[in-house]
Amino acid sequence: MQNRMNTFPPRAETLARLEAHEWDLVVIGGGISGAGVAQQAARAGWSVLLVEQRDFAWGTSSRSSKLVHGGLRYLKEGDLKTTLHSVRERNRLLREAPGLVEPQSFLFADCPGRKPGRWLMQTGLVVYDLMAGQRGHFHANLAATQMIAPGLAPPGLRGALVFQDAKTDDARLVLRVLQEARRLGATSLNYMAASGLRLEHGRTTGLDLQDTLDGKTYGVRARCVVNATGAWADRLRAGAGSKPLLRPLRGSHLLVPFWRLPVAQSISLMHPRDGRPVFLYPWEGATLIGTTDLDHREPLDTEASITPAEVDYLVDAVNDQFPGARLTPADVTACYAGVRPVLDDGQKDASKATRDHVVRDESGLITLTGGKLTTFRLMAQDALALATPHVGKPFERNDAPLFTPASLLNPRWSPAVRQRLQARYGSLAAPLCAGAQDEDLECIAGTQTLWIELALAARHEAVEHLDDLLLRRTRLGLLLAHGALEHLPRIRQLCAPHLGWSDARWQEETARYRALIAAHYQLPGATLPEFE
């Protein structure tokens, strides 16, 4: 039985229940797609198990561009359906998850000779606003543009178009959806790999699982299995003899200190080199710059990494818009790269490949892949519509709220602190934060993260490795220089009592985390300093 707060129960307790009965649905994949499927299925009253081979949100769902957007760029490709669905789901998330999904103003510089041009862009924004049922864009003249975006000075600047979208902490959004799934009765396990499908008469009837922490194996029975493994989806399908669907694309990003590139708007642009969309915007106390869109040919089980060419590409994009900034790679605090599960539609240009999703029923294995973070709820409902005949229980598409209302917090705490904790923990905010002291509610310098978030993650959120804590439960490994290694003494003091790690285990985790940061979250070839 999960505890009354619906935090992650002890791992041993969950493992003991894996083989106890036949599950209505087993979901493979702990990113936003899998979390959405688990939440929607649990709401329908199905018994649901979700397993993730690494950590929750380890893949694309912690390495996205952090944008909850309507897909303005897809209008140019004539993909009206994706844009319409995205705009409506964006507005839903803004209403239901305030503080976790936040409005973000975007600015597109109006310069002669730069595609797509003011009038084409403005036409697209009119359609965009009509889909959203609101007017959210306007044209700013040169003086107004220089006021709202100081330092913006691409060649020929004569004004800007300003429009509205949204942003989020993608990994925390996954955890919040999983929290709702658990509240509704779903079970979820990280570090549990699906090693193979169980078949009877050619139909999927369960899974063989392996605990990647201790190597133990389990066999689970299921009426239906959903493959929501993102860029890894073809691997499981290949075991069932199906042809590949995906074209894995790598998107890389840079983070720089906010003081080094202070922007209140998201600056959206077409790269002067190749016309691809690039952006930079304020995120969690830093400035985030992205993104590239390249075919990813490295092994998917290895963490993706940015290349020197991608670093130069993104830095050049910033300096084109803010020539006075004179940004260099030395200004970069951290970088990260993720692999997107994009459908292979034969497009030569990676940036033009469709961002729609696909759902396939292959003898009781339902594959859900492609798509966008913003539309995860609709994607989940499409998958469950196909799963229904196998499960034999009803499921109806619905517009019920995704999230339960956040609990009320101590009114003497600042509004910013209350909103942040409510955004991340929803209905659990009050019981989790009961007894918090003033020092727990202080921000970690250079970020918007509160010290209490570390202890809450260590105690309640299934942290198995140090990178779970610093790259996904919190984002300190991205926001602070050198992956926050110099803060480890205080982090250990806060978290060790809850993690139960010995001195030897802590040293092992520190070494493992340091190697991970050096290889995948710092500039290529960078060397980390030593910290005591």
*asked:* Could you check whether atom CD of Q493 has more than 12 heavy atoms from other residues, nucleotides or ligands sitting under 6.0 Å from it?
replied: no
*Of all residues at least two apart in sequence or in a different chain, which pass the ring-ring contact (aromatic ring centres under 6.0 Å, His included) check with W506?*
W501
_side chain to side chain donor-acceptor pair (under 3.5 Å) against S266, all qualifying residues, sequence neighbours excluded_ = none
*Would you call R377 and E89 a salt bridge, using N to O less than 4.0 angstrom?*
yes
_Distance-only polar pair, side chains of Y521 and E303, donor-acceptor under 3.5 Å_ = yes
*Do D170 and S61 meet the criterion of a side-chain donor-acceptor pair at a distance under 3.5 Å?*
no
_Side chains of R17 and T187, donor plus acceptor under 3.5 Å_ = yes
*Taking all atoms of both residues into account, what is the closest heavy-atom pair of G251 and T291, and its distance?*
CA-OG1, 3.4 Å
*Face-on cation placement of R223 at W46 ring, 6.0 Å and 45° thresholds*: no
*With side-chain hydrogen bond (donor to acceptor under 3.5 Å, both in side chains) as the test, would you mind laying out the steps for K372 and S86 before giving the verdict?*
CA-CA 8 Å; K372 300 165 72 266; S86 299; 3.3 Å; yes
_Let me confirm one number: the CG-CD1 distance from L254 to I289, rounded to the nearest 0.5 Å._
5.0 Å
*Give the minimum heavy-atom separation between R90 and A132, together with the two atoms involved.*
NH2-CB, 3.6 Å
*Tell me, which pairs form a side-chain hydrogen bond (donor to acceptor under 3.5 Å, both in side chains) where one or both residues lie in residues 30-45, sequence neighbours left out?*
Q40-Q381
*What is the minimum heavy-atom distance between V27 and A228, and which atoms define it?*
CG1-CB, 4.3 Å
*Does a salt bridge link D467 with R54, judged by any charged N lying under 4.0 Å from a carboxylate O?*
no
_Can you tell me which residue among R459, R473, R420 is in a salt bridge (Lys or Arg N to Asp or Glu O under 4.0 Å) with E453?_
R420
*Looking at CG of L173 and OG of S62, how far apart are the two atoms once the value is rounded to the nearest 0.5 Å?*
12.0 Å
_Regarding R172 and E461, does a basic nitrogen lie under 4.0 Å from an acidic carboxylate oxygen?_
yes
*Decide whether a cation-pi geometry holds between K216 and Y191; the criteria are a distance under 6.0 Å from NZ or CZ to the six-membered ring centre and an angle within 45° of the ring axis.*
no
*Just checking, is any N or O donor in the side chain of Q210 or S195 under 3.5 Å from an acceptor N or O on the other one?*
no
*Which distance, rounded to the nearest 0.5 Å, do you find between the CD1 of I452 and the SG of C433?*
4.5 Å
*Establish, from distance only, whether the side-chain atoms of T404 and E180 form a donor-acceptor pair under 3.5 Å.*
yes
*Please round to the nearest 0.5 Å and tell me the distance separating atom NE2 of H85 and atom OG1 of T82.*
8.0 Å
_Are R11 and E464 packed together at the side-chain level, in the sense that at least one heavy-atom pair is separated by less than 4.5 angstrom?_
yes
*Before giving the answer on side-chain contact (heavy atoms from CB on, under 4.5 Å), spell out for V174 and L178 the whole-Å C-alpha distance, their side-chain angles and the decisive distance to 0.1 Å.*
CA-CA 6 Å; V174 171; L178 285 174; 4.1 Å; yes
_Cation-pi check, R63 onto W58 ring (under 6.0 Å, within 45° of axis)_ = yes
*Measure from NZ or CZ of R176 to the centre of the six-membered ring of F403 and say whether it is under 6.0 Å with the direction within 45° of the ring axis.*
yes
*asked:* According to side chain to side chain contact (heavy atoms under 4.5 Å, CB included), who are the partners of A515, at least two apart in sequence or on a separate chain?
replied: none
_Just to verify, what does R418 make a salt bridge (charged side-chain N to carboxylate O under 4.0 Å, His left out) with, not counting sequence neighbours?_
none
*Nearest-0.5 Å distance that lies between atom CG in L488 and atom NE2 in H482*: 13.0 Å
*Do the side-chain N and O atoms of D382 and H357 include a donor-acceptor pair separated by under 3.5 angstrom?*
yes
*Pairing of R514 and E509 as salt bridge, 4.0 angstrom limit*: no
_Once rounded to the nearest 0.5 Å, what's the spacing between atom CZ of R472 and atom CG of L470?_
9.5 Å
*Could you tell me which residues satisfy ring-ring contact (aromatic ring centres under 6.0 Å, His included) with H520, sequence neighbours excluded, listed by chain and number?*
none
*Taking C-beta and beyond as the side chain, do R198 and T204 meet within less than 4.5 Å on heavy atoms?*
no
*In plain terms, say whether E96 and R92 are close enough for a salt bridge, that is, a side-chain N and a carboxylate O under 4.0 Å apart.*
yes
*Heavy-atom side-chain proximity of H296 to V339 below 4.5 angstrom*: yes
